[in-house]
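Here is how names work: the chains are called A, B, and so on, in the same order as the sequence lines, proteins then strands, and each is numbered from 1.
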2 protein chains.
Amino acid sequence: MLDIKITKTTNPKPLPTEDNPLVFGTIFTDHMYVMEYTKGQGWHDPEIMPYQPISLDPSAMVFHYGQEMFEGLKAYKTEDGRILLFRPDKNIERANNSNKRLEIPKIPEDDFLNAIKTLVKVDAAWIPTKPGTSLYIRPFVIATDPFLGVRPSDTYKFIIILSPVGAYYPEGLNPVKIWIEDEYVRAVRGGIGEAKTGGNYVASLAAQIKAHDEGYSQVLWLDGVERKYIEEVGAMNIFFKINGTVVTPMLNGSILPGVTRNTCIQLCKEWGLPVEERRISVDELVEAAKNGTLEEVWGSGTAAVISPVGHLRYENDVFQIADGGIGEVSQKLYDTVTGIQLGKLEDKHGWTVEVK
Amino acid sequence: MLDIKITKTTNPKPLPTEDNPLVFGTIFTDHMYVMEYTKGQGWHDPEIMPYQPISLDPSAMVFHYGQEMFEGLKAYKTEDGRILLFRPDKNIERANNSNKRLEIPKIPEDDFLNAIKTLVKVDAAWIPTKPGTSLYIRPFVIATDPFLGVRPSDTYKFIIILSPVGAYYPEGLNPVKIWIEDEYVRAVRGGIGEAKTGGNYVASLAAQIKAHDEGYSQVLWLDGVERKYIEEVGAMNIFFKINGTVVTPMLNGSILPGVTRNTCIQLCKEWGLPVEERRISVDELVEAAKNGTLEEVWGSGTAAVISPVGHLRYENDVFQIADGGIGEVSQKLYDTVTGIQLGKLEDKHGWTVEVK
C-alpha cells in the first residue's frame, strides 16, 4: 500500500453552521485526495492536499471523450462520536468494475480504502451531526492525456472530494412521484449502463427536465431494446412489492448494481420476504397497480437511502401506490439501514467500517 | 455578434518543421478561444488568449456527469496561399443539435463562425502546407458548475483549440480492415448516439481494443436493438456500393450525421449514381459480399475524408471487398472532396468558406 503524503491547508474555511441547510453537493471540505496514474508506472504519488482547482490542458481527454468514472458513498458520525463508513468495499468493487468497462486502470482496493479513511479523518470536523446529515464522499477518475485521438488515456487522476450534506428528507420520509419514460433511453445491453460514468447521466437530462416540467421528481427508465422492461430510476434502483413478493429488476448489464439495492435484497430475505430479481414489464406493473396487488414501491440509493414512491405515471395514466403514503417495508428498510449506518442498531453483517 | 478580445502570446512556440510527422492531435497552436456562458446572461466575453491550461473546481460537472460536446473540422491552405474552411455551417448546425440533446445552451451561429475564422487567422502560420496536411479545428463545450447534483449546468465554457495534422494516408489512400462488432453497443435509439459527445466515445473503447488486438483498425457498429442493422464506424460513416447502387445507413437518431457523409451523398447523386439512405442489415451485406455484388465499401469522416475498406470481418468470417484495393467511386470521392477543400477544383456548391 502506498504512503499518502499529507499537506494540510494553512487557510481553513469556516465550518458550516448547524442551521445551514447543507444543499447536496455545494459545500466542499478543506482537503482533497489526488493520486496520479502513468502508463508503465501504475498509480503513484497519492497526496492529500488543500482543496484546490484542477489544472488540465484543454486537449485533456476527459473533456472530449468522456473517459471518467465516479462513485458515491457517505461517512456518518455516531452519537458516541465514532465515524462509520457503510460497505465501502462494495463501492470500491463497483468502481473497478466501471473502470474495467471504461478501459481505466484498476485502483488497488487497499489504496482506495486507505485514501477514503485518511481523507475523512483529516476532515473529520466537517462531518455534520444533525439527524439525517452525513459527509458525502465522491471518488472519481478522469483521463488526462493531452491528446485528441480516440483511445484509452495513458494518464489519469484519481481524486476524492468530500461534501457535508443535509438530510434528504428534512421532515422525514416523503413519498415521491415517478415518471415512467417511454421516449428517451438511458442505456442498453452491450453499452455502458452498468458503469458509473458521466455518459449515462448526460443521457438522462432531457427526460429529467420533461418529467420535472410535469411535476415528477424522478424518471423511471425502460430497457432500450423493447422499451417494455423496468430498469432503474435516475439516481436509484427500484423495488416493487406485489402481492407479498418483493420484485426488483435483475442486473442485466444496463442497470447500475446499487450498494443499497444489494442491502435491501439481503434484509428483505432475512425478514422472510420472498425476493425476486427478474425482468418486470411495465405492463405487469400497470396490471398490478390496477388490480390492487401493487402494495409498495420504493427506490434505493446512497443519497436518499430509501425513497418511497407514492405515484407512478406511464403514458397518460397516473397510478397511486396503495394509499400514496409510506409502505411498511419501505419504512422498515429505511429505519434499519440508517440505524446501522448511524451505529444505533447492531451491525450483524459487518457492513460498517470505522474510521479510527 | 460579440466582439472577441484578443490577447496574443508573448512567448510563441516554435512552428513544427516540414519534416515533422504531425501525429494527429498532439501539437497545439499558440492560441485558444474561450467564451463563457452564465445562466441569465447567456454566452459572453469571447476571448482569444495564449494556449493555456483550464483551471476548474474538482466538483465541476464535466468531470462527473459528462455534459460535454465537441466538433471537428479543418482549415486548408491552398497553393495560392488562401485559407479555406469546408462547410463550417454544417459543423455549427450539428454542434447546436448536439447541444440541444445534451441540454447545453445554443451557441449563436455567427459568433461560432467568427470564433473559428478569427482564431484560424491569428494562428494562420500554423497551417501546414505539405500535401494532405491541414489545421484541425476542435471546438468543444464543457459544463463548469461546481455542483454534484444531476441537472444541466448553469455555466459552461466554449473553447476552440487548433492542431496541425499530417496526411491521414502519407502514401496515398490505403484500404483499411473493419471489424463488425456483435457484443458491445455504441448507442441506441432514444439515447445520445446522434450527439457528438464524450459518452459515445468512451463506450467505444472496449470494442476498439478488441478489434485492434485482432488486427482490425476500426469497429463497425450494429444497432443496439436488433444487433442486425449497420450503424457507423467509430470515427466515420459507412457506404456500400452494391450492384451499382450506393447504400448508406439512414439517419435514425443513433448515428452521427456526418458532414462528409452528406457531401458524399450529394456528389454521388450528381454523378448519376443511385443513392439509398436506408436500413441495411449485416445479413444483406454478407450476402452481397458472398455473391459478388458488393463492389465497394468506404468510410467518410473529417479526419481521413474517405477511407476505402478492403476487408470486413463478421463473427468468424472475413470478406474481401472486390480485389481488396481502392474502388473507383472511393477514389473519385477522395479526389473531388480534397480537391475542393484545397481549392484545386471549382467549388460549385459554395462549400468552402475563405478566411480573409
Side-chain angles (χ1 to χ4, degrees), chain A residues 23-26 28 32 51-60 62-68 70 72 101-103 136 138 140 142 146-152 159 161 163 183-192 197-206 208-209 224-227 234-235, chain B residues 23-26 28 32 51-60 62-68 70 72 101-103 136 138 140 142 146-152 159 161 163 183-192 197-206 208-209 224-227 234-235:
Chain A
V23 177
F24 179 84
T26 53
F28 300 95
M32 63 197 276
Y51 189 91
Q52 60 193 274
I54 303 169
S55 180
L56 292 174
D57 196 274
S59 66
V62 65
F63 294 137
H64 304 269
Y65 305 127
Q67 211 190 0
E68 58 188 50
F70 73 92
R101 179 64 182 88
L102 306 168
E103 299 291 344
Y136 183 78
R138 168 57 59 92
F140 63 106
I142 53 175
F147 176 50
L148 295 183
V150 179
R151 60 146 173 79
I159 300 171
I161 56 177
S163 176
E183 178 189 359
Y184 293 111
V185 171
R186 174 187 169 275
V188 70
R189 58 168 188 195
I192 53 174
T197 183
N200 294 325
Y201 293 80
V202 70
S204 77
L205 295 177
Q208 185 185 309
I209 287 170
V225 176
E226 302 187 52
R227 307 228 191 162
Chain B
V23 177
F24 179 84
T26 54
F28 300 95
M32 62 198 274
Y51 189 89
Q52 61 191 273
I54 303 169
S55 179
L56 292 174
D57 195 274
S59 67
V62 66
F63 294 137
H64 305 269
Y65 305 128
Q67 211 189 1
E68 57 189 49
F70 74 91
R101 179 63 182 88
L102 305 168
E103 300 291 345
Y136 183 78
R138 168 58 58 94
F140 63 106
I142 53 175
F147 177 50
L148 295 184
V150 179
R151 59 145 172 79
I159 300 171
I161 56 179
S163 175
E183 178 190 0
Y184 293 110
V185 171
R186 175 187 168 274
V188 69
R189 59 168 187 196
I192 54 174
T197 183
N200 294 326
Y201 292 81
V202 71
S204 77
L205 295 178
Q208 185 185 308
I209 287 170
V225 175
E226 302 187 52
R227 307 228 190 162

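The main-chain N or O of B/Leu148 is found under 3.5 Å from a side-chain atom of B/Tyr65 such that the two form a donor-acceptor pair. Distance alone, capped at 3.5 Å, places no donor-acceptor pair between the B/Arg151 side chain and the A/Ile209 backbone. Side-chain atoms of B/Arg138 never come within 3.5 Å of backbone atoms of B/Ile159 as a donor-acceptor pair (strictly under, hydrogens ignored). In this structure, A/Gln67 contributes its side chain and B/Leu205 its backbone to no donor-acceptor pair below 3.5 Å. Not one N or O on the side chain of B/Ser55 forms a donor-acceptor pair closer than 3.5 Å with the backbone of A/Ser55.
Looking at B/Pro58, both its backbone and its side chain come within 4.5 Å of chain A, counting heavy atoms on both sides. Interface remark: A/Ile192 contributes side-chain atoms only to the contact with chain B (heavy atom separation under 4.5 Å). Within the 4.5 angstrom heavy-atom criterion, atoms from both the backbone and the side chain of A/Phe63 approach chain B. Residue A/Ile142 touches chain B through its side chain alone, counting heavy-atom pairs closer than 4.5 Å. At a 4.5 Å heavy-atom cutoff, the contact between A/Glu103 and chain B is made by side-chain atoms alone. Neither the backbone nor the side chain of A/Arg186 comes within contact range of chain B; no heavy atom of the residue lies under 4.5 Å from a heavy atom of that chain. In this structure, chain B has a heavy atom under 4.5 Å from the side chain of A/Ile161, while its backbone stays farther away. With a threshold of 4.5 angstrom between heavy atoms, A/Phe70 approaches chain B through side-chain atoms but not through N, CA, C or O.
Counting heavy-atom pairs under 4.5 Å between each of A/Thr197, A/Leu56, A/Asp57 and chain B puts A/Leu56 at the top. Your options are A/Gly191, A/Ala235, A/Ala206, A/Gly199, and the one with the most heavy-atom pairs under 4.5 Å with chain B is A/Ala206. Options A/Val23, A/Thr26, A/Val62 differ in how many heavy-atom pairs under 4.5 Å they form with chain B, and the most are formed by A/Val62.
Aromatic ring centres of A/Phe140 and B/His64: separated by under 6.0 Å.
A/Tyr184 is linked by a side-chain hydrogen bond (donor to acceptor under 3.5 Å, both in side chains) to nothing, counting only residues two or more places apart in sequence or in another chain.
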